[in-house]
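Structure first, commentary second.
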Amino acid sequence: MSRRDRPWQPGPVQSPSPAGILVLVAVLAAATAFGWWRRRHDGRLRAVRKRPSDAAAPHRATLTALGVRPGERTLVQFSAPVCAPCRAARRVLADVAARLDGVTVLEVGVDEHLDAARELDVWRTPTVLVVDGAGRVVRRAAGVPDRDELIAALTAGAAR
(Lines give C-alpha, C1' and ligand atoms only; values in the text may rest on other atoms or scores of the structure.)
Protein backbone atom coordinates (compact mmCIF):
# COMPACT_ATOMS: atom_id res chain seq x y z
CA MET A 1 0.00 0.00 0.00
CA SER A 2 1.51 3.30 -1.06
CA ARG A 3 1.50 6.42 1.03
CA ARG A 4 -1.29 7.95 -1.07
CA ASP A 5 -3.58 4.99 -0.50
CA ARG A 6 -3.25 4.98 3.28
CA PRO A 7 -5.77 6.96 5.34
CA TRP A 8 -4.48 10.08 7.05
CA GLN A 9 -2.99 9.52 10.46
CA PRO A 10 -1.71 12.18 12.80
CA GLY A 11 2.02 12.44 13.14
CA PRO A 12 3.95 12.61 16.37
CA VAL A 13 3.07 15.54 18.62
CA GLN A 14 5.85 18.07 18.90
CA SER A 15 6.38 20.23 21.95
CA PRO A 16 5.80 23.95 21.31
CA SER A 17 8.84 26.09 20.70
CA PRO A 18 9.66 29.00 23.02
CA ALA A 19 9.31 31.42 20.09
CA GLY A 20 5.81 30.11 19.35
CA ILE A 21 4.79 30.54 22.99
CA LEU A 22 6.14 34.10 23.00
CA VAL A 23 4.18 34.94 19.83
CA LEU A 24 1.01 33.50 21.34
CA VAL A 25 1.45 35.47 24.57
CA ALA A 26 2.15 38.69 22.63
CA VAL A 27 -0.95 38.25 20.45
CA LEU A 28 -3.15 37.56 23.48
CA ALA A 29 -1.74 40.59 25.34
CA ALA A 30 -2.30 42.86 22.32
CA ALA A 31 -5.87 41.60 21.86
CA THR A 32 -6.62 42.10 25.56
CA ALA A 33 -5.19 45.63 25.52
CA PHE A 34 -7.21 46.52 22.42
CA GLY A 35 -10.40 45.09 23.94
CA TRP A 36 -9.82 47.03 27.16
CA TRP A 37 -9.17 50.27 25.23
CA ARG A 38 -12.21 49.76 23.00
CA ARG A 39 -14.50 49.06 25.94
CA ARG A 40 -13.28 52.14 27.75
CA HIS A 41 -13.78 54.45 24.75
CA ASP A 42 -16.85 52.91 23.12
CA GLY A 43 -19.88 55.19 23.42
CA ARG A 44 -18.06 58.02 25.20
CA LEU A 45 -18.97 61.51 24.10
CA ARG A 46 -16.00 63.52 23.04
CA ALA A 47 -15.80 67.17 22.19
CA VAL A 48 -15.31 68.06 18.56
CA ARG A 49 -12.22 70.15 17.96
CA LYS A 50 -13.02 73.65 16.90
CA ARG A 51 -11.09 74.88 13.92
CA PRO A 52 -10.70 78.52 12.92
CA SER A 53 -13.14 77.90 10.06
CA ASP A 54 -15.82 76.61 12.45
CA ALA A 55 -17.35 80.07 12.80
CA ALA A 56 -19.37 79.34 9.69
CA ALA A 57 -20.16 75.72 10.75
CA PRO A 58 -18.59 73.90 7.78
CA HIS A 59 -21.02 70.98 7.81
CA ARG A 60 -24.18 73.05 8.09
CA ALA A 61 -25.28 72.35 4.50
CA THR A 62 -24.81 68.61 4.92
CA LEU A 63 -26.65 68.57 8.24
CA THR A 64 -29.48 70.66 6.78
CA ALA A 65 -29.76 68.23 3.85
CA LEU A 66 -30.08 65.38 6.36
CA GLY A 67 -32.96 67.15 8.13
CA VAL A 68 -31.34 69.14 10.95
CA ARG A 69 -33.35 72.31 11.49
CA PRO A 70 -31.67 75.55 12.56
CA GLY A 71 -32.35 76.59 16.14
CA GLU A 72 -32.95 73.05 17.40
CA ARG A 73 -30.63 70.86 19.39
CA THR A 74 -30.45 67.61 17.46
CA LEU A 75 -29.08 64.14 18.08
CA VAL A 76 -28.08 62.64 14.73
CA GLN A 77 -27.58 58.88 14.74
CA PHE A 78 -25.85 57.22 11.81
CA SER A 79 -26.92 53.59 11.65
CA ALA A 80 -27.11 50.59 9.34
CA PRO A 81 -29.82 47.93 8.94
CA VAL A 82 -27.52 45.12 10.12
CA CYS A 83 -26.18 47.03 13.14
CA ALA A 84 -27.32 45.45 16.43
CA PRO A 85 -25.93 48.21 18.71
CA CYS A 86 -27.88 50.77 16.64
CA ARG A 87 -31.12 49.54 18.20
CA ALA A 88 -29.75 50.13 21.70
CA ALA A 89 -28.52 53.59 20.69
CA ARG A 90 -31.95 54.39 19.22
CA ARG A 91 -33.59 53.55 22.59
CA VAL A 92 -31.11 55.73 24.50
CA LEU A 93 -31.62 58.70 22.17
CA ALA A 94 -35.42 58.37 22.33
CA ASP A 95 -35.27 58.32 26.13
CA VAL A 96 -33.05 61.41 26.24
CA ALA A 97 -35.31 63.29 23.82
CA ALA A 98 -38.35 62.37 25.93
CA ARG A 99 -36.68 63.73 29.08
CA LEU A 100 -35.51 67.04 27.60
CA ASP A 101 -37.56 69.71 25.86
CA GLY A 102 -36.42 71.01 22.49
CA VAL A 103 -34.27 68.01 21.56
CA THR A 104 -34.88 66.29 18.23
CA VAL A 105 -33.62 62.84 17.22
CA LEU A 106 -32.72 62.18 13.61
CA GLU A 107 -31.69 58.72 12.41
CA VAL A 108 -29.68 58.58 9.20
CA GLY A 109 -29.04 55.40 7.25
CA VAL A 110 -25.41 55.18 6.27
CA ASP A 111 -26.19 53.13 3.19
CA GLU A 112 -28.50 55.85 1.80
CA HIS A 113 -26.31 58.80 2.83
CA LEU A 114 -22.77 57.55 2.28
CA ASP A 115 -21.44 60.92 1.07
CA ALA A 116 -22.77 62.70 4.16
CA ALA A 117 -21.25 60.03 6.41
CA ARG A 118 -17.87 60.50 4.76
CA GLU A 119 -18.04 64.28 5.03
CA LEU A 120 -18.97 64.07 8.71
CA ASP A 121 -16.17 61.54 9.35
CA VAL A 122 -18.45 58.64 10.31
CA TRP A 123 -16.53 55.35 10.11
CA ARG A 124 -18.64 53.00 12.22
CA THR A 125 -22.20 52.53 13.33
CA PRO A 126 -23.74 53.70 15.49
CA THR A 127 -22.19 57.14 15.52
CA VAL A 128 -24.10 59.87 17.33
CA LEU A 129 -23.53 63.57 16.66
CA VAL A 130 -24.76 66.24 19.07
CA VAL A 131 -25.67 69.31 17.02
CA ASP A 132 -26.29 72.61 18.81
CA GLY A 133 -28.88 75.20 17.83
CA ALA A 134 -26.34 77.01 15.63
CA GLY A 135 -25.90 73.91 13.47
CA ARG A 136 -22.44 72.95 14.78
CA VAL A 137 -21.45 69.42 15.75
CA VAL A 138 -20.28 69.93 19.34
CA ARG A 139 -19.92 66.33 20.53
CA ARG A 140 -19.80 62.87 19.00
CA ALA A 141 -19.79 59.27 20.15
CA ALA A 142 -18.95 56.07 18.32
CA GLY A 143 -20.95 53.22 19.81
CA VAL A 144 -23.94 53.33 22.13
CA PRO A 145 -23.71 56.64 24.02
CA ASP A 146 -24.13 56.96 27.76
CA ARG A 147 -27.54 58.43 28.66
CA ASP A 148 -26.22 60.62 31.49
CA GLU A 149 -23.40 62.02 29.35
CA LEU A 150 -25.87 62.93 26.62
CA ILE A 151 -28.20 64.67 29.07
CA ALA A 152 -25.28 66.58 30.59
CA ALA A 153 -24.01 67.64 27.16
CA LEU A 154 -27.45 68.79 26.02
CA THR A 155 -28.28 70.68 29.22
CA ALA A 156 -24.87 72.37 29.18
CA GLY A 157 -25.48 73.38 25.56
CA ALA A 158 -28.91 74.78 26.45
CA ALA A 159 -27.43 76.91 29.24
CA ARG A 160 -25.18 78.78 26.80
Problem - Taking every non-hydrogen atom, the tightest pair across Ala80 and Cys86 - result: N-SG, 3.8 Å
Exercise for the section: Please check if atom CZ in Arg147 has more than 12 non-hydrogen atoms from other residues, nucleotides or ligands closer than 6.0 Å. Expected result: yes
Exercise for the section: Verify, without hydrogens or angle tests, whether Arg90 (side chain) and Glu107 (backbone) share a donor-acceptor contact under 3.5 angstrom. Expected result: no
Problem - Check: Arg140 and Val122 side chains under 4.5 Å, non-hydrogen atoms - result: yes
Problem - Minimum heavy-atom distance between Val144 and Ala88, given as atom pair plus value - result: CG2-CB, 4.0 Å
Exercise for the section: Return yes if some donor-acceptor pair links the side-chain N/O of Gln77 with the main-chain N/O of Val105 below 3.5 Å, else return no. Expected result: no
Handout entry: Closest non-hydrogen atom pair, His113 against Val108
Key = CD2-CG1, 3.5 Å
Handout entry: Lys/Arg N to Asp/Glu carboxylate O, Arg99 vs Asp95, below 4.0 Å
Key = yes
Handout entry: Residue from Leu93, Asp42, Val130 passing side chain to side chain contact (heavy atoms under 4.5 Å, CB included) with Pro145
Key = Leu93
Exercise for the section: Flag yes if more than 12 heavy atoms outside Arg124 fall under 6.0 Å of its CZ atom; otherwise flag no. Expected result: yes
Fill in the blank from the handout: dist Arg139:CZ -> Arg44:CZ (nearest 0.5 Å) comes out at 13.0 Å
Problem - Test item: Arg73 side-chain N/O and Asp101 main-chain N/O as donor-acceptor pair under 3.5 Å - result: yes
Exercise for the section: Could you go through the side chain to side chain contact (heavy atoms under 4.5 Å, CB included) check for Val76 and Val137 one step at a time? Expected result: CA-CA 10 Å; Val76 180; Val137 178; over 6 Å; no
Problem - Candidate pair Leu45 and Leu150, rule side chain to side chain contact (heavy atoms under 4.5 Å, CB included), full reasoning - result: CA-CA 7 Å; Leu45 281 179; Leu150 273 175; 3.9 Å; yes
Problem - Single-linkage hydrophobic cluster Phe34~Trp36, side-chain heavy atoms < 4.5 angstrom - result: yes
Problem - Nearest atoms (heavy-atom pairs only) where Thr104 meets Glu72 - result: OG1-OE1, 2.8 Å
Practice task
Identify the residue among Leu154, Leu63, Leu66, Leu106 that makes a side chain to side chain contact (heavy atoms under 4.5 Å, CB included) with Thr74.
Solution key: Leu106
Handout entry: Over all atoms of both residues, closest heavy-atom pair of Ala116 and Thr62
Key = CB-CG2, 3.7 Å
